[in-house]
There are 2 protein chains.
Amino acid sequence: MSRSHTDVPDGAAEFADEACPITEVLDHVAGKWSIGILVAAAHGPIRFTELERTVKGISRRMLTLNLRKLERDGLLTRTVHPTVPPKVEYALTPMARELHATLGELVGWAERHRPAITAARAAYDAKPAA
Amino acid sequence: MSRSHTDVPDGAAEFADEACPITEVLDHVAGKWSIGILVAAAHGPIRFTELERTVKGISRRMLTLNLRKLERDGLLTRTVHPTVPPKVEYALTPMARELHATLGELVGWAERHRPAITAARAAYDAKPAA
DNA sequence: CGGTATCCGGTATGATACTG
DNA sequence: CAGTATCATACCGGATACCG
């Protein structure tokens with residue numbers, strides 16, 4: 001995204017300057033699966049297959065990609081146990097744990113307003129031309 | 001996100017089932033431009049062109065689409081002033097203002113850890129095979 | 001078990017042009 | 001000013017198959 005780093009009016013603005021890099025970061029946690037993975041891993045180290053089952057709906061491919069992305073961003077640690085049946089565990093980093101708390105609020109907001117949002121959509125769709 | 005309305009059992013589990021609706025909601029604010037638009041509008045009613053300039057980087061098309069989506073979700077109100085030069089103002093709904101506060105924390109987190117994330121990426125990219 | 005590789009469609013986004 | 005219409009494209013993400 002990129003709201004750039006150019007000028008910033010005064011009103012709603014100084015957002016742009018700081019938002020650019022911020023959004024870049026946010027986009028990583030804003031992905032379709034990122035939050036789900038983060039939450040799933042919040043309870044402690046979790047294995048690949050576990051994640052696959054927990055974040056039900058995610059494909060192996062997407063799980064891997066997101067896991068790599070989160071790992072790269074320093075939100076998850078990937079620990080490979082050189083055992084016979086491969087065992088890889090993913091765990092949140094301290095930084096991610098902080099995020100998790102904030103995410104909890106976001107989720108709380110979503111839960112609180114889900115009915116309202118659903119209603120708003122219905123209303124909006126009901127009178128498109130009205 | 002996840003634990004919806006129940007509490008999280010012990011594992012990371014029944015997350016999937018209940019997360020669905022939550023994710024659906026979150027996905028709307030998690031879009032590439034949603035947060036930017038929301039923040040830009042947080043300072044008060046803002047006009048289309050203003051948004052176009054503030055959320056710099058966004059195309060007119062995406063602005064419109066996101067604006068509609070946010071309006072449909074009941075996060076933004078669209079007020080058309082029947083003046084000669086069309087004037088349309090977008091403002092946050094109370095529900096969105098609440099979200100804004102939470103978003104602020106998310107942004108705060110992003111700001112606090114941006115350096116760490118950047119460093120993590122650099123480190124990750126530096127020793128891929130190491 | 002834990003991935004990686006490939007094929008493929010749907011959507012998000014960008015660029016451009018036109019309109020009320 | 002505030003969109004809408006259209007076109008082309010990049011990438012997301014699912015399904016499937018193969019590998020260490």
Side-chain angles (χ1 to χ4, degrees), chain A residues 1-4 9 11-12 19-20 23-24 26-37 40-41 45-73 76-91 124 128-129, chain B residues 16 19-20 23-24 26-37 40-41 45-73 76-91 124 128-129:
Chain A
M1 61 238 17
S2 18
R3 283 107 194 151
S4 60
C20 196
T23 319
E24 187 187 310
L26 253 34
D27 275 356
H28 283 272
V29 283
K32 184 177 181 179
W33 306 106
S34 302
I35 298 181
I37 293 174
I46 185 169
R47 300 178 59 178
F48 189 88
T49 306
E50 279 260 21
L51 282 168
E52 208 172 348
R53 286 188 290 109
T54 306
V55 187
K56 244 163 263 169
I58 191 172
S59 64
R60 188 166 291 186
R61 173 187 157 74
M62 281 302 100
L63 215 206
T64 301
L65 289 179
N66 277 283
L67 245 23
R68 294 288 182 251
K69 186 179 70 178
L70 292 170
E71 186 195 350
R72 189 170 97 101
D73 285 349
L76 282 181
T77 58
R78 176 168 177 274
T79 308
V80 181
H81 296 80
T83 56
V84 182
K87 181 179 179 181
V88 181
E89 291 190 314
Y90 292 89
Y124 185 91
Chain B
C20 264
T23 319
E24 187 187 310
L26 252 34
D27 276 356
H28 283 273
V29 283
K32 185 177 183 181
W33 306 106
S34 301
I35 297 181
I37 292 174
I46 185 170
R47 301 226 269 158
F48 188 88
T49 306
E50 279 261 21
L51 281 168
E52 207 173 350
R53 285 188 290 110
T54 305
V55 187
K56 247 162 257 171
I58 192 172
S59 63
R60 188 166 293 185
R61 176 185 157 73
M62 281 302 99
L63 214 206
T64 300
L65 289 178
N66 277 285
L67 244 24
R68 295 288 182 249
K69 186 179 69 180
L70 292 171
E71 187 195 351
R72 188 171 98 102
D73 286 350
L76 283 181
T77 58
R78 178 167 176 275
T79 309
V80 182
H81 294 80
T83 56
V84 182
K87 181 178 180 181
V88 180
E89 291 190 315
Y90 292 88
Y124 186 91

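In the text below, chain A, chain B and the rest are named by the order of the sequence lines, each starting its count at 1.
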Check step by step if side chain to side chain contact (heavy atoms under 4.5 Å, CB included) holds for A/Asp73 and B/Tyr124. CA-CA 8 Å; A/Asp73 285 349; B/Tyr124 186 91; over 6 Å; no
I need the CG-P distance between B/Asn66 and C/dT13, as an integer number of Å. 6 Å
When the distance from CG of A/Leu63 to P of C/dA5 is rounded to whole Å, what number comes out? 16 Å
Of all heavy-atom pairs between A/Leu76 and A/Ala41, which one has the smallest distance, and what is that distance? CD2-CB, 4.2 Å
Nearest to the side chain of A/Arg47 - D/dC1, D/dG3, C/dC1? C/dC1
Check every strand shown and say whether B/Arg61 touches a base, only sugar-phosphate, or nothing at a heavy-atom separation below 4.0 Å. base
Closest of C/dT13, C/dG2, D/dG14 to the A/Ser59 side chain is D/dG14
For A/Tyr90 and A/Ile37, run side chain to side chain contact (heavy atoms under 4.5 Å, CB included): C-alpha distance rounded to whole Å, both residues' side-chain angles, the deciding distance at 0.1 Å, then the answer. CA-CA 10 Å; A/Tyr90 292 89; A/Ile37 293 174; over 6 Å; no
Test side chain to side chain contact (heavy atoms under 4.5 Å, CB included) on A/Glu50 and A/Glu89 and set out the steps. CA-CA 9 Å; A/Glu50 279 260 21; A/Glu89 291 190 314; over 6 Å; no
Using whole Å, report how far CE of A/Met62 lies from P of C/dG2. 19 Å
Applying side-chain contact (heavy atoms from CB on, under 4.5 Å) between A/Ile46 and each of A/Leu51, A/Val55, A/Val88, report the one that passes. A/Leu51
Check the distance between D/dG3's C1' and B/Lys69's NZ and give it to me in whole angstrom. 18 Å
Does a nitrogen or oxygen in the side chain of A/Arg68 sit under 4.0 Å from OP1 or OP2 of C/dG3? yes
Side-chain contact check for A/Trp33: nearest option of C/dG14, C/dG20, D/dG14 is D/dG14
When you measure from the side-chain N and O atoms of B/Arg78 to the phosphate of D/dG3, is any distance below 4.0 Å, counting only OP1 and OP2? yes
Taking C-beta and beyond as the side chain, do B/Asn66 and B/Lys69 meet within less than 4.5 Å on heavy atoms? yes
State whether B/Arg60 places a side-chain N or O below 4.0 Å from either non-bridging phosphate oxygen (OP1 or OP2) of C/dG14. no
In whole Å, I'd like the distance from the CZ atom of B/Phe48 to the C1' atom of D/dG3. 6 Å
Under-4.0 Å side-chain N/O to phosphate OP1/OP2 contact, A/Thr49 with C/dG2: yes
Is there a side-chain polar atom (N or O) of B/Lys32 under 4.0 Å from OP1 or OP2 of C/dG14? yes
So for the helix from C/dC1-D/dG20 to C/dG20-D/dC1, with five pairs setting each end axis, what is the inter-axis angle to 10°? 50°
Side-chain N or O of B/Tyr90 closer than 4.0 Å to phosphate OP1/OP2 of D/dG3: yes
About how many Å separate NZ of B/Lys87 and CZ of B/Arg47, when rounded to the nearest 0.5 Å? 5.5 Å
Roughly how many Å is it from CG in B/Leu51 to C1' in D/dC1, rounded to a whole number? 13 Å
Does A/Pro86 or A/Leu65 map to a spot on DNA chain D nearer the 5' end, using the closest nucleotide for each? A/Leu65
Roughly how many Å is it from CD in A/Glu52 to P in C/dC1, rounded to a whole number? 9 Å
Take atom CD1 of A/Ile46 and atom P of C/dG2, then tell me their distance rounded to the nearest Å. 11 Å
How far apart are the C-alpha atoms of A/His81 and A/Thr79, what are their side-chain angles, what is the distance that settles it, and do they pass the side chain to side chain contact (heavy atoms under 4.5 Å, CB included) test? CA-CA 6 Å; A/His81 296 80; A/Thr79 308; 3.8 Å; yes
